[in-house]
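One structure is given below, encoded as structure tokens.
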Amino acid sequence: MEQTDATRSQGTDPIDNLVNAVNALVAAQKEQGDRIDAAVNSLIVAQKEQAREQTARDEQRAREQTVRDANLNSRLDQIAQRLDRQSRASISQPMLSPSRLPLRMSAPRFDINNSIHSATNYQGITTSQPARKNSSGRSTGQSVESTTQKAQRKLLTVSSMEYARLAKENEDNVHHGSVDDILAYLGDDWMTAWGKAQKDTDAFSQANMDRILMNYNARAASSRGKGHLSEEKVQTRTNALVSSVEDMLTVFSGGELELRWMDTHRSTIRTLGRAARKPDGVFYIGKSGASPHWSFVAVPVEVKSSKVGSKDSVLNGQLIWNYIDMARDQPRRFILGLTISKEGELHAQICMPNGVLSAWIGSLPTPADRIIAMPDAQKDAVRFLILIFQLLPNDYGYLVRKPRGIHETFRLSDIPGLSLDGIDEEHRGSTIAIQQVTAKGGRREAITGPRSWVFPVNVVSPSAKNSSKHYMLKFHWYYAGKSEAEIHEQVQTLGAPYVPNLIFASSIDGKTNISSDVQTICGEVLLMEYAGESVSSLFCPSKNISVSRIADVFAGYAHTLLAANEGSESVFALHRDISENNLLVRDGATPFIIDWGCGIVATKGKSRMTSVNSMVGTAVFMGLRVLKQFSQRSFADDLESVFLVFALCVWKRYGSKTSLYKGLWESNDDAQNVITSRCFWLSSELSFLSEMKLSNCPRKVEILATDLYSFIFPAGISAYELIQEDGDDPRLDKIDPANLFTIFKTAAEQGTDSAIYTDDTLKHIHALGRYVNTIGDSHNNSNNQEPSALKIKRNVDPSSPTSPTNKKQRR
């Protein structure tokens with residue numbers, strides 16, 4: 001006990017030592033933890049710094065790549081211009097206009113408009129060097145490409161991956177049948193001629209078959225041999241057989257054929273605005289040796305080696321892309337296409353408005369050193385080629401049955417299957433003249449579903465041969481039960497002011513269904529009041545921009561959509577396909593909304609929304625909730641599309657084509673990609689303006705843009721929040737048309753020179769203000785009507801000056 005006390009007095013108690021040791025250990029661990037935390041923080045800081053440096057390097061590389069691409073494009077342009085100068089001596093006709101990428105197609109890496117435009121002649125085939133000659137000086141029939149031409153062609157070629165993706169996207173639209181099914185859709189003339197072909201009469205006689213086979217054996221001699229057939233050998237056989245059939249029919253008919261054949265697998269058919277295309281061969285309309293544009297191609301042909309089957313995705317993707325190119329400017333009821341693959345197997349496809357039907361026809365003959373009897377499968381292949389030359393010139397599949405299709409003047413009676421009931425005698429006998437080769441608008445790039453072409457036309461009636469009237473003509477395929485003429489008239493009945501007057505509309509009869517399990521497609525022709533140019537013409541760089549005029553025109557669009565939504569106590573209408581081509585302006589002042597074919601007229605309820613089971617419209621202009629395929633559509637979706645058109649016009653006039661621009665407006669092959677890019681762009685008002693990289697943009701235009709942004713995405717509802725859940729659109733409780741009127745009126749007054757300011761300058765804005773007052777009184781005074789989902793203020797003075805909001809005063 002004494003010893004223990006002594007030990008404690010000397011501070012050597014074991015318990016104290018243990019406590020001290022534990023305290024020291026805790027302190028050491030804490031110190032070590034602090035060092036670890038400091039190290040982690042330093043690592044995080046270093047990683048952030050490294051990320052910033054990587055971002056800076058990526059941006060620098062992107063800038064350098066942009067410069068390299070620009071230099072490369074410049075060199076390509078110089079090469080193309082030199083090639084163009086070499087060919088201009090024999091070229092005297094103008095080139096056709098470029099157009100945009102089709103929906104669901106990715107943009108090429110380079111801007112190829114100038115290079116293709118310069119390197120092609122007036123109808124579309126790239127110029128090439130003289131034909132190669134053999135040692136005896138005779139032509140071998142093979143063209144020689146220069147090194148620069150080969151390099152340019154390689155740069156402008158669509159990748160196999162793109163073709164395979166396109167085929168995958170459309171695989172549900174492809175159906176398989178027999179040759180009789182194909183002939184049934186082509187018409188009675190084809191069925192009758194096919195029956196005669198089986199009897200070996202007229203052009204199908206044995207003597208003619210022998211002549212074809214003799215020429216074919218000589219031309220295809222280089223492709224003889226057993227075993228695997230390369231694509232080049234199959235191409236040689238294809239060209240030899242079709243050329244032999246063409247030569248026989250030229251002699252048999254005693255004159256030049258209306259339909260010609262061209263081997264195009266070494267030449268590029270001009271496709272302005274997108275990657276260059278070169279099918280392996282085409283049947284085309286025109287004289288021998290002429291170079292076809294896609295508008296004049298009647299049948300495209302794609303060829304593959306013996307190792308590739310008829311269902312190959314790349315092969316079918318190539319043919320589908322041909323259909324898209326062919327239908328862009330030519331309204332067509334059907335498109336016939338051919339594929340040759342495997343051991344020379346010939347398959348025919350007919351592309352109808354609601355699908356593609358494919359059938360096996362036969363096989364190419366095997367070249368030999370003498371004439372030998374052909375099996376039935378080989379005879380059928382030759383017979384079908386003869387039918388194409390003989391019968392297709394009577395139709396071509398165009399909606400207008402004329403030697404040169406839609407590009408000629410025609411009468412309504414020239415449209416096969418068009419019902420003339422209900423059309424007055426004057427218009428029945430009128431001559432219609434298309435004013436431009438390229439369709440002005442419409443949904444032309446899709447191979448299935450609703451499809452339309454809009455042309456400006458002059459109409460000359462029999463009673464006034466020396467005078468004509470300017471109209472717009474529309475060819476339209478639509479799902480049964482959704483006639484555009486009916487929707488158009490209902491929208492006008494609702495009081496929508498800026499919808500062109502309908503002169504007449506009539507249906508097109510004929511077979512359009514390739515399978516019983518797909519929705520029925522119907523045809524329609526509409527003649528309507530001329531509506532002018534795209535609204536983008538107001539932002540043309542060659543014109544002085546007028547903020548007042550722009551605000552007034554867009555107020556007209558808003559008024560039209562608002563009237564369609566509010567004009568009746570029982571129903572309302574949605575457009576659902578607002579796009580740059582469907583918002584038109586005539587004489588730079590009068591707005592029009594056209595193309596109501598995708599619209600819907602629904603019963604009005606409390607929410608003013610309607611359920612839908614499909615996504616229609618133009619992807620880059622669809623509202624975010626539409627892209628998300630939410631089940632409800634509303635007036636707010638149409639207004640959002642108008643806002644997107646306005647934003648695109650401003651961006652194209654004053655902004656920079658950044659990677660975000662391309663992701664939003666060009667690379668629109670995937671809805672989710674568009675949603676991601678747009679949510680980033682529209683995440684805030686600051687991001688909305690800054691990401692467009694505007695340069696020299698008038699401040700008044702920026703103010704109008706941000707005010708419209710705040711209207712479409714009101715406080716508390718960002719782009720991200722808008723797409724979080726299905727159901728009612730949360731914006732409908734906050735959208736007030738009176739505020740929309742105020743936005744346009746303020747912008748117009750700020751953008752107008754007092755010396756030229758008149759009430760007429762803002763007539764569409766004043767009309768919107770009066771309408772807002774009218775519907776405000778109607779909703780407040782009616783006891784029986786369902787309440788509107790829109791907040792509508794009363795007593796808006798459409799003629800008095802509008803005071804700037806606090807928001808503008810802060811600016």
Side-chain angles (χ1 to χ4, degrees), residues 185 327-335 351-355 395 397-402 405-406 410-424 427-428 430 432 434 439-457 459 471-493 499-514 518-531 573-577 579 581-582 584 592-601 614 616-618:
Y185 284 106
R328 286 183 60 252
D329 300 323
Q330 278 283 12
R332 307 193 189 223
R333 297 191 316 283
F334 67 82
I335 301 174
C351 179
M352 305 291 286
N354 67 347
D395 198 332
Y398 296 161
L399 281 175
V400 173
R401 185 174 288 164
K402 296 285 285 184
I406 191 66
F410 61 93
R411 297 188 178 185
L412 295 179
S413 57
D414 293 322
I415 302 176
L418 181 68
S419 173
L420 299 179
D421 296 340
I423 301 178
D424 57 68
H427 285 108
R428 287 188 187 186
S430 296
I432 299 174
I434 300 295
K440 180 179 288 290
R443 185 177 186 265
R444 297 165 286 153
E445 286 81 9
I447 68 165
T448 60
R451 205 187 313 175
S452 58
W453 300 260
V454 180
F455 292 91
V457 298
V459 178
Y471 294 106
M472 297 185 72
L473 184 73
K474 179 174 182 177
F475 293 94
H476 180 219
W477 293 119
Y478 65 96
Y479 287 126
K482 298 181 180 180
S483 165
E484 176 170 349
E486 296 175 355
I487 297 175
H488 192 108
E489 291 174 347
Q490 284 182 290
V491 169
Q492 289 185 311
T493 302
V499 177
N501 291 322
L502 194 61
I503 309 303
F504 70 75
S506 187
S507 61
I508 301 174
D509 297 326
K511 295 181 179 180
T512 57
N513 284 4
I514 52 83
V518 294
Q519 195 169 358
T520 300
I521 292 283
C522 302
E524 191 173 33
V525 173
L526 302 94
L527 185 71
M528 66 191 79
E529 174 186 5
Y530 181 68
L574 302 177
H575 188 282
R576 301 201 304 166
D577 191 19
S579 69
N581 288 329
N582 291 338
L584 304 186
F592 285 99
I593 299 182
I594 66 167
D595 200 3
W596 291 82
C598 292
I600 187 171
V601 178
S614 62
V616 298
T618 306

Are the side chains of [X] and [Y] in touch, meaning some heavy atoms are under 4.5 Å apart?
X	Y	result
M472	P500	no
V459	L473	no
E484	D595	yes
I432	Y471	no

In Å, rounded to the nearest 0.5 Å, how long is the span from [atom1] of [X] to [atom2] of [Y]?
X	Y	atom1	atom2	answer
I593	N582	CD1	CG	9.0 Å
R411	L420	CZ	CG	12.0 Å
R332	R451	CZ	CZ	10.0 Å
F504	M528	CZ	CE	10.0 Å
S430	D424	OG	CG	7.5 Å

Donor-acceptor pair, side chain of R333 and main chain of Y398, under 3.5 angstrom: yes
N/O donor-acceptor pair under 3.5 Å between H476 side chain and C522 backbone: no
Measure across [X] and [Y] and return the closest heavy-atom pair with its distance rounded to 0.1 Å.
X	Y	answer
I503	E529	CG1-N, 4.3 Å
F592	V499	CD2-C, 4.0 Å
E524	S483	OE2-OG, 2.7 Å
H575	I594	NE2-O, 2.8 Å

W453 and W477: CA distance, side-chain angles, deciding distance, side-chain contact (heavy atoms from CB on, under 4.5 Å) verdict: CA-CA 9 Å; W453 300 260; W477 293 119; 3.8 Å; yes
Qualifying residues under side chain to side chain contact (heavy atoms under 4.5 Å, CB included), relative to I487, sequence neighbours excluded: V491, W596, V601
Pairing residues for S506 by the side chain to side chain contact (heavy atoms under 4.5 Å, CB included) criterion, not counting sequence neighbours: L418, S419, I423
For Q490, all residues meeting side-chain hydrogen bond (donor to acceptor under 3.5 Å, both in side chains), sequence neighbours excluded: none
